[in-house]
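For reference, the structure is listed below as structure tokens.
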Amino acid sequence: MGIGGVSRKYFFSLIFIFMLKRKHFLFHLLGLLFIAPSINCARSENQNKDIGILNILKNASSKVILSDGSVAPKSSVSVQRKWNGDLCELSVKNNSSLPVTISEVIVFDFQHQLPRTTRIYGEGFQKLSQMGGTLAKPEDWGTYTDRDHYKIPEPENLRTVYGMLTLELQNAQRVLLATTSCEKFISRFSFNAERLRISLDCENLNLQPGESWSLEEFIATTGKDREKLYDRLTSVIATHHPRLKHDPVPMGWCSWYCFGPKVTAKNVSDNTNWIAANVPELKYIQIDDGYQPWMGDWLEKGAAFGGDVTKVLKDIKAKGLEPAIWVAPFVASPQSELFKKHKDWFVKDEKGSPLLSDKIGFGGWRLGPWYVLDGTHPEVQEYFIMLFKTMREQWGCTYFKLDANYWGAMHGGVHHDKNATRIEAYRRGMQAILKGAGNAFILGCNHPVWASLGLIHGSRSSMDIWRKWESFRDIGKENLLRGWQNGRLWWNDPDCILLTDGGATDIMDQGGAPVESRNKSPKLTENEYLFHAATIYASGGMLLSSDDLTKITPERLKILKKLIPPTGKAAKFENEKFEVGTTFLSNQLVFSVFNWDDQPTQRRVKLPAGKYQLVDKWTGNKIGIYEGEYLIKSMLPHTAQLIEATRLTKEKK
């Protein structure tokens with residue numbers, strides 16, 4: 001920069017002006033010297049608006065709340081915040097001579113001074129919950145919320161998200177606030193139209209004299225590009241919780257949506273034979289809930305299965321496919337042999353008795369209410385190792401779908417290790433499971449999202465899917481909202497692809513609601529099935545069919561094959577409207593174009609520089625050669641297009 005913020009380019013222009021018109025030199029010079037600082041001041045003012053909330057946050061108050069609700073004196077218990085760029089190390093220390101029982105540490109508490117209409121997005125504690133809307137009017141985007149369904153208390157009755165919060169400012173800047181680790185404590189971002197309160201739940205643990213706790217690492221950063229912000233977040237998370245890699249992206253078949261809990265050995269065998277002959281790429285054959293008599297008795301087979309589950313798994317392997325199985329490792333039915341024989345293994349209530357989960361929140365969707373295995377108990381950890389080692393080495397399972405994982409981190413219980421949080425209980429249990437499972441693929445489902453960092457290969461990113469338009473729409477949005485996690489933290493599982501009518505009607509969702517009534521909705525249209533398939537493609541994640549494939553039509557089979565293999569790359573969208581997303585492949589772009597509405601609409605597909613040959617991925621038909629943009633003048637309701645775009649070389653016309 002030169003004089004008064006004037007660049008060298010402008011300075012040498014002044015010399016040129018002086019040589020041409022000396023008498024006007026002083027006039028031009030004074031004008032530029034006055035105007036340039038004004039321009040810089042205007043820029044600085046806008047930048048200050050962008051970072052204003054970060055300045056407020058860094059100067060915000062902090063305090064420690066004790067178990068009785070009182071505030072600890074700062075001289076006795078202190079909160080430390082050590083900033084390094086956009087990262088902050090958070091810790092708390094007991095400076096007194098007596099133990100203190102800490103309910104929570106509020107690390108930042110301030111009036112955010114943002115407009116009430118500031119749009120937000122935040123994660124749920126468990127995967128069925130997400131939040132959007134605005135600071136003044138938050139919206140629950142997940143199906144079963146942390147607050148209402150799982151009864152997780154929200155601090156001071158403020159709406160709360162967990163792990164991360166993003167704010168979309170009026171000048172297109174975004175603010176991302178998150179904890180980049182989750183070893184011991186879960187972070188909570190509680191807010192209303194005026195206030196933002198960020199805390200760590202310490203669960204009434206004792207902090208001894210002179211002892212310090214690390215309260216996880218925190219990040220506060222801004223930018224206009226949502227993808228770059230998520231790149232930054234996930235790269236820092238990886239330093240604490242390296243991603244568990246398992247390539248390529250898994251593909252397979254699941255028994256749940258076609259046969260439900262009444263699945264039989266013959267159902268699985270028939271589909272295994274068909275897949276081996278027609279679509280062997282769907283290599284993981286997953287037997288879902290229904291093979292076991294009770295939750296917890298995983299090494300026994302249910303009476304309705306009609307065959308030895310181990311024999312069916314071996315038959316899958318003999319066909320050249322991979323055996324996969326559903327397990328809910330942290331829960332047990334009251335009738336299970338596991339609970340009857342090992343009651344001391346379970347999370348307790350304050351009186352020392354096993355705690356039924358429905359006394360705290362949701363008791364489970366089937367064969368409940370459930371008791372919860374305590375991941376801090378050494379014998380439970382040994383049991384997990386034994387269970388998964390048996391299924392991996394003796395049963396031959398190379399893929400485990402772990403469901404109901406939330407219960408492993410359920411609030412309100414008393415653990416065997418009195419110094420452990422529920423996050424530690426869950427993580428210790430999961431580490432034991434990983435040890436037993438060896439090199440098998442681990443999918444987390446109905447799991448605590450942030451607490452699962454670094455512990456799973458795949459993550460279910462939505463509620464259960466149903467053969468209904470409203471489900472295709474809502475589940476599609478849930479998956480795309482979490483698209484940024486795919487390939488960065490784990491492989492996303494957008495739930496199963498459904499391409500046939502009918503399916504099981506004796507199943508329930510993860511909130512316990514029966515699906516039979518939902519299947520009485522109008523029959524899905526071809527466009528709605530294509531919409532559903534496009535959301536699966538745009539997720540970039542796993543591909544599992546859950547149709548009875550022995551009955552699929554040739555036309556629908558073609559759609560399924562168009563999704564093989566998954567790209568492993570989530571489509572990138574400008575914002576959360578999810579109208580046009582771009583998947584960047586090595587040799588082409590693929591645009592996922594959606595109409596979420598009940599009326600026809602226009603969509604503009606912006607093309608990078610150059611000319612592109614556009615092709616409809618579903619039909620293979622050429623759309624034409626376009627430059628700059630492609631306009632879809634009238635896109636039908638409830639539909640989506642996948643458009644392949646290949647840049648033409650100069651020789652092509």
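Atoms considered below: every heavy atom in the structure, side chains included; atoms not considered: hydrogens, waters and symmetry mates.
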Residues K311, D315; criterion salt bridge (charged side-chain N to carboxylate O under 4.0 Å, His left out); working and verdict: CA-CA 6 Å; K311 181 179 183 303; D315 288 344; 3.3 Å; yes
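- In this model, a donor atom of one side chain and an acceptor atom of the other lie less than 3.5 Å apart for D548 and N271.
- If you check the side chains of N204 and T101, you find no donor sitting under 3.5 Å from an acceptor.
- Aromatic rings of W370 and W294 (six-membered ring for Trp) have centroids beyond the 6.0 Å cut-off, not under it.
- A side-chain donor-acceptor contact under 3.5 Å links Q130 and Y121.
- Within a 6.0 Å sphere centred on NZ of K435, heavy atoms belonging to other residues, nucleotides or ligands number 12 at most.
- Summarising the local packing, NZ of K348 is surrounded by more than 12 heavy atoms from other residues, nucleotides or ligands at distances under 6.0 Å.
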Trace of the side chain to side chain donor-acceptor pair (under 3.5 Å) decision for N479 with S461: CA-CA 5 Å; N479 284 316; S461 48; 2.6 Å; yes
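- Closest heavy-atom contact between S462 and I475: OG-CG2, 3.2 Å.
- Within the 3.5 Å criterion, the main-chain N or O of G487 finds a donor-acceptor partner in the side chain of R243.
- In this structure the side chain of D493 reaches within 4.5 angstrom of the side chain of R460, judged on heavy atoms.
- In this structure the side chain of P329 reaches within 4.5 angstrom of the side chain of N405, judged on heavy atoms.
- At a threshold of 4.0 Å, the pair D201-R422 counts as salt-bridged, since one of the basic side-chain nitrogens sits closer than that to a carboxylate oxygen.
- Proximity of a side-chain donor or acceptor of Q292 to a complementary backbone N or O of G290 within less than 3.5 Å is detected.
- Between F531 and H638, the gap from one ring centroid to the other reaches at least 6.0 Å.
- Closest approach of E478 and W141 over heavy atoms only: OE2-O, 3.7 Å.
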Working for salt bridge (charged side-chain N to carboxylate O under 4.0 Å, His left out), residues D417 and R428: CA-CA 11 Å; D417 182 350; R428 291 179 196 176; 2.9 Å; yes
Full working for salt bridge (charged side-chain N to carboxylate O under 4.0 Å, His left out) between D547 and R467: CA-CA 11 Å; D547 290 311; R467 292 174 174 87; 2.9 Å; yes
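- Within 6.0 Å of atom NZ in K245, 12 or fewer heavy atoms from other residues, nucleotides or ligands are found, so the atom counts as exposed in its surroundings.
- Under the ring-ring contact (aromatic ring centres under 6.0 Å, His included) test applied with W326, the options F400, W298, W256, Y284 reduce to a single match, W298.
- Minimum interatomic distance between W469 and L524 (heavy atoms only, all atoms of both residues): N-CD2, 3.3 Å.
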